[in-house]
S.K.: 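Right, I'll just put the structure down here and ask away after.
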Number of protein chains: 2
Amino acid sequence: MLDERGKKVLWAVVQTYIGYPDPVGSRVVTKKYAFGLSPATIRNIMSDLEELGYLSQPHTSAGRIPTDKGYRFYVDNLLMGRNPIAEDREVLLQINGRLKDINEDINCLIEDTSRMLSNFSHYLGVATAPRLTETRLRHIELVRHRGRHILVILVSSEGIVKNRIIPLREEIPQKILNKISQYLNEEFTGMTLREIKGKIVKEMSKEKVVFGRLVSQAIRLFREILNTQTDDAYSEDVYIDGLSSVFDMPDFANLSRIKEVFKAIENKYIIVKLLDRLIEFEGVQILIGSENQIEDMHEMSMVISTYKHGGAVLGTIGVLGPKRMDYSRVIPIVDYTAKRITNIISKS
Amino acid sequence: MLDERGKKVLWAVVQTYIGYPDPVGSRVVTKKYAFGLSPATIRNIMSDLEELGYLSQPHTSAGRIPTDKGYRFYVDNLLMGRNPIAEDREVLLQINGRLKDINEDINCLIEDTSRMLSNFSHYLGVATAPRLTETRLRHIELVRHRGRHILVILVSSEGIVKNRIIPLREEIPQKILNKISQYLNEEFTGMTLREIKGKIVKEMSKEKVVFGRLVSQAIRLFREILNTQTDDAYSEDVYIDGLSSVFDMPDFANLSRIKEVFKAIENKYIIVKLLDRLIEFEGVQILIGSENQIEDMHEMSMVISTYKHGGAVLGTIGVLGPKRMDYSRVIPIVDYTAKRITNIISKS
DNA sequence: ATTAGCACTCTATCATTGTGAGTGCTAAAT
DNA sequence: ATTTAGCACTCACAATGATAGAGTGCTAAT
């Protein structure tokens with residue numbers, strides 16, 4: 001474990017490096033933070049910190065930069081008790097103001113959130129559109145499409161609209177489809193898709209004996225819908241905003257670095273998978289550098305949280321930036337925004 | 001007007017420059033294309049071309065590069081009669097194969113198209129989602145949402161699904177909404193939104209006398225829906241794919257150039273507006289450099305076309321790349337793809 | 001009209017050198 | 001037993017200058 005002095009110096013180095021990405025030398029530390037120690041002593045301490053894996057040196061005669069472990073320690077132990085300063089409060093107020101104005105459909109809300117997170121953090125804003133799985137069905141509608149297909153429209157209690165096209169073996173006239181949707185609406189409205197799935201399995205077992213053709217058709221159809229739905233749970237949309245902010249980060253001031261970043265976020269599928277894995281955790285999550293599993297993202301950090309409705313997690317929002325991002329500012333922003341969105345949705 | 005020799009040399013310069021973005025010298029032209037002229041003569045011709053504004057020199061002792069006017073002449077007059085070569089035919093076949101597999105909802109089709117255009121052109125793929133205005137209504141559904149709002153779902157005959165949330169003065173129970181949707185479906189299905197608008201104006205005038213409360217409510221509501229719909233005609237989605245291809249273009253091999261490109265495509269609203277202005281033109285459109293109105297896009301060219309259904313233009317697809325893009329390959333790709341999509345949609 | 005020849009221009013590249021920030025080590029100071 | 005001053009050493013980076021090479025424009029010869 002680190003002693004008090006070690007912590008102080010580590011904090012000073014990370015803090016300074018977050019300010020500007022030049023390796024931090026011993027002299028700078030003494031100048032900026034009067035610890036009452038000389039550069040030589042700081043050098044010794046820094047040398048210790050390097051040995052412990054918290055700092056590293058780009059080359060022998062350069063200052064130190066934090067390692068992932070260093071950032072992790074900083075975030076876990078050196079950031080505590082830091083309440084949002086006045087400037088940040090202002091930002092939170094602005095976020096609140098902007099969110100209040102949005103009375104749109106939930107996907108727009110989430111898209112705007114991603115933009116807002118980017119604007120206020122000056123990093124990349126990330127947000128996943130709400131998943132249907134955990135929400136309650138408000139309405140289902142079946143529309144004939146291209147002969148042997150039907151267009152299925154699902155509406156959740158939050159007003160999330162999803163549509164899928166599913167193929168059929170036989171053509172069903174719109175009139176019958178209307179009856180089927182009516183039946184499905186009466187039977188399943190108010191349940192979560194998960195619950196519906198369970199119910200359908202039960203119904204299917206007795207179906208043949210008790211129900212008529214229409215109902216059995218309806219149930220079979222719904223099962224199909226749910227299957228299609230689950231199949232591409234991963235194809236859910238991610239909104240990533242603020243791409244050009246990358247160009248203002250000195251961390252990525254050369255082409256190959258920038259290219260790496262864009263490679264990383266181009267494949268949204270991978271990001272969704274990453275975010276999905278974190279969806280179960282409570283509160284703000286922080287992933288530093290190689291802590292996330294995406295190869296091309298090892299020079300970046302993510303600060304994310306989830307938004308919910310009725311206890312069920314709907315999606316993820318967060319900020320993606322360089323490892324030396326200003327965590328003390330970003331964390332409250334993400335935290336606050338996630339809570340506000342949860343709040344707004346709960347009023348639906 | 002250019003004489004035959006001038007055309008040949010201009011063609012040679014553009015062709016060579018498209019191959020690699022180094023200023024083209026007189027020697028290279030004679031080596032690559034045996035015109036039976038010496039470098040000195042070529043130099044004289046190039047000097048003339050420069051005077052006419054088709055070529056320019058980065059500095060005194062460098063070769064020439066085409067100006068926007070030079071590219072324009074090349075595209076308009078020197079590309080004629082060039083049929084797709086074997087390699088390109090192969091590409092078109094692949095596009096066809098891939099498009100056939102997509103049996104999904106139309107937005108996915110368009111999104112995939114953008115990806116495909118990027119893949120096959122090695123530039124950026126661009127595609128706008130279909131507009132509803134010109135399509136026929138297949139289905140409308142009203143769902144109560146958050147008390148005094150309703151969620152409106154419109155389905156076009158092509159299977160395009162759009163949803164809007166509109167606020168109400170008074171709350172309407174779902175039962176009434178169902179009746180209203182039923183009425184609207186019976187009355188308006190099969191008409192284009194434009195036609196519906198016209199009809200509504202007529203109906204509204206006699207409404208008070210002839211119709212009951214329900215019908216008048218329905219019509220008033222629909223008018224509202226259509227208004228909301230038109231308001232954000234510009235907020236239609238654009239899909240831009242292949243961002244990382246920018247990094248492989250030697251034209252944008254330095255940070256400031258790349259930043260410019262990303263600035264340009266970040267604001268999708270501007271792009272939609274640009275594309276919307278070209279929607280009325282028939283066939284493949286080409287915008288070279290400063291011919292498009294977007295400041296940050298003066299180093300780029302666009303090759304675009306439109307896809308339609310029943311004669312009405314639904315949206316735009318195209319390719320965005322450096323001015324020295326390989327027009328002879330990109331044009332047939334865009335042309336073919338647009339036609340294929342039109343074709344696929346017509347089967348709906 | 002075309003071209004060979006030549007002087008001239010400009011860029012890109014590479015090695016050289018100097019500068020400065022920063023370190024690690026040692027010996028002196030506290 | 002810490003802490004610190006002093007000093008030699010390292011390394012990246014910027015500035016400098018020399019060189020090569022590609023390309024031009026002009027002039028005089030074909």
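Below, read A as the first sequence line, B as the second, and so on, with proteins coming before strands; counting in each chain starts at 1.
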S.K.: Applying ring pair (Phe, Tyr, Trp, His ring centres under 6.0 Å), run through F262(B) and F262(A) and close with a yes or a no.
M.R.: CA-CA 11 Å; F262(B) 280 91; F262(A) 280 90; 4.4 Å; yes

S.K.: Choosing from dG25(D), dG23(D), dT23(C), which nucleotide comes nearest the side chain of R64(B)?
M.R.: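 Closest of the options to the side chain of R64(B): dG25(D).
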
S.K.: What protein N or O atoms touch nucleotides 28-30 of chain D N or O atoms at under 3.5 angstrom, if any, and at what distances?
M.R.:
none

S.K.: Quickly work out the I42(B) CD1 to dA1(C) P distance and round it to whole Å.
M.R.: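 Going from CD1 in I42(B) over to P in dA1(C) covers 17 Å.
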
S.K.: Do the side chains of D68(A) and K323(A) get close enough for a salt bridge, i.e. N-O under 4.0 angstrom?
M.R.: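 A salt bridge links D68(A) with K323(A).
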
S.K.: Provide, to the nearest angstrom, the distance between the CG atom belonging to L37(B) and the C1' atom belonging to dA1(C).
M.R.: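 So the CG-C1' distance, L37(B) to dA1(C), works out to 11 Å.
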
S.K.: What residues, two or more places apart in sequence or in another chain, satisfy salt bridge (Lys or Arg N to Asp or Glu O under 4.0 Å) together with R72(A)?
M.R.: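 So R72(A) forms a salt bridge (Lys or Arg N to Asp or Glu O under 4.0 Å) with D76(A), E291(A).
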
S.K.: For DNA chain C, which residues in residues 43-60 of chain A have a heavy atom at a distance below 4.0 Å?
M.R.: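 The answer is R43(A), Q57(A), T60(A).
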
S.K.: What are the two closest heavy atoms between L320(B) and Y123(B), and how far apart are they?
M.R.: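 Reported closest heavy-atom pair: O-CB, 3.3 Å.
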
S.K.: Quick one: Y17(B) OH to dG23(D) P, roughly how many Å, whole number?
M.R.: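 Taking atom P of dG23(D) as the reference, OH of Y17(B) is at 14 Å.
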
S.K.: Would you check if there is a donor-acceptor pair between the side chains of S301(A) and Y327(A) at a distance under 3.5 Å?
M.R.: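 Note: Y327(A) and S301(A) side chains meet the donor-acceptor criterion.
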
S.K.: What integer distance in Å separates D22(B):CG from dT24(D):P?
M.R.: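 After rounding, the reported distance stands at 13 Å.
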
S.K.: Let me know the distance between NZ of K31(B) and P of dG23(D), rounded to the nearest Å.
M.R.: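 Answer to the nearest Å: 11 Å.
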
S.K.: Of all residues at least two apart in sequence or in a different chain, which pass the salt bridge (Lys or Arg N to Asp or Glu O under 4.0 Å) check with D296(B)?
M.R.: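 Partners of D296(B) by the salt bridge (Lys or Arg N to Asp or Glu O under 4.0 Å) criterion come out as none, since no residue qualifies.
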
S.K.: What about S61(A): does its side chain form a donor-acceptor pair under 3.5 Å with the base of dT10(D)?
M.R.: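 It does, because a donor-acceptor pair links the side chain of S61(A) to the base of dT10(D) below 3.5 Å.
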
S.K.: Would you say T41(B) reaches dT3(C)'s phosphate, i.e. side-chain N/O to OP1/OP2 under 4.0 Å?
M.R.: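 Yes, within the criterion.
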
S.K.: Might you point out which heavy atoms bring G70(A) and L10(A) nearest each other, and give the distance in Å?
M.R.: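 Residues G70(A) and L10(A), closest heavy atoms: O-CD2, 4.3 Å.
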
S.K.: Donor-acceptor check, side chain of S121(A) to backbone of L117(A), threshold 3.5 angstrom: yes or no?
M.R.: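 At least one qualifying donor-acceptor pair exists.
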
S.K.: Kindly calculate the angle separating the two end axes of the helix from dA1(C)-dT30(D) to dT30(C)-dA1(D), each obtained from five base pairs, and round it to 10 degrees.
M.R.: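 For the helix from dA1(C)-dT30(D) to dT30(C)-dA1(D), the axes at opposite ends meet at about 20°.
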
S.K.: For I95(B) and M116(B), which heavy atoms make the closest approach, and how far apart are they?
M.R.: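 Between these two residues, the closest heavy atoms are CG2-CE, 3.4 Å.
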
S.K.: What is the distance, to the nearest angstrom, from the CZ atom on R5(A) to the P atom on dA1(D)?
M.R.: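 It is 16 Å, rounded to the nearest whole Å.
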
S.K.: Which residues satisfy the salt bridge (Lys or Arg N to Asp or Glu O under 4.0 Å) test with E90(B), sequence neighbours excluded?
M.R.: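 Not a single residue meets the salt bridge (Lys or Arg N to Asp or Glu O under 4.0 Å) criterion with E90(B).
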
S.K.: Specify the separation, in whole Å, of atom CZ of R27(B) and atom P of dT3(C).
M.R.: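 These atoms are roughly 15 Å apart.
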
S.K.: Between R324(A) and D251(A), does at least one N-O distance fall below 4.0 Å, as a salt bridge requires?
M.R.: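 Counted as a salt bridge, because a side-chain N and a carboxylate O are separated by less than 4.0 Å.
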
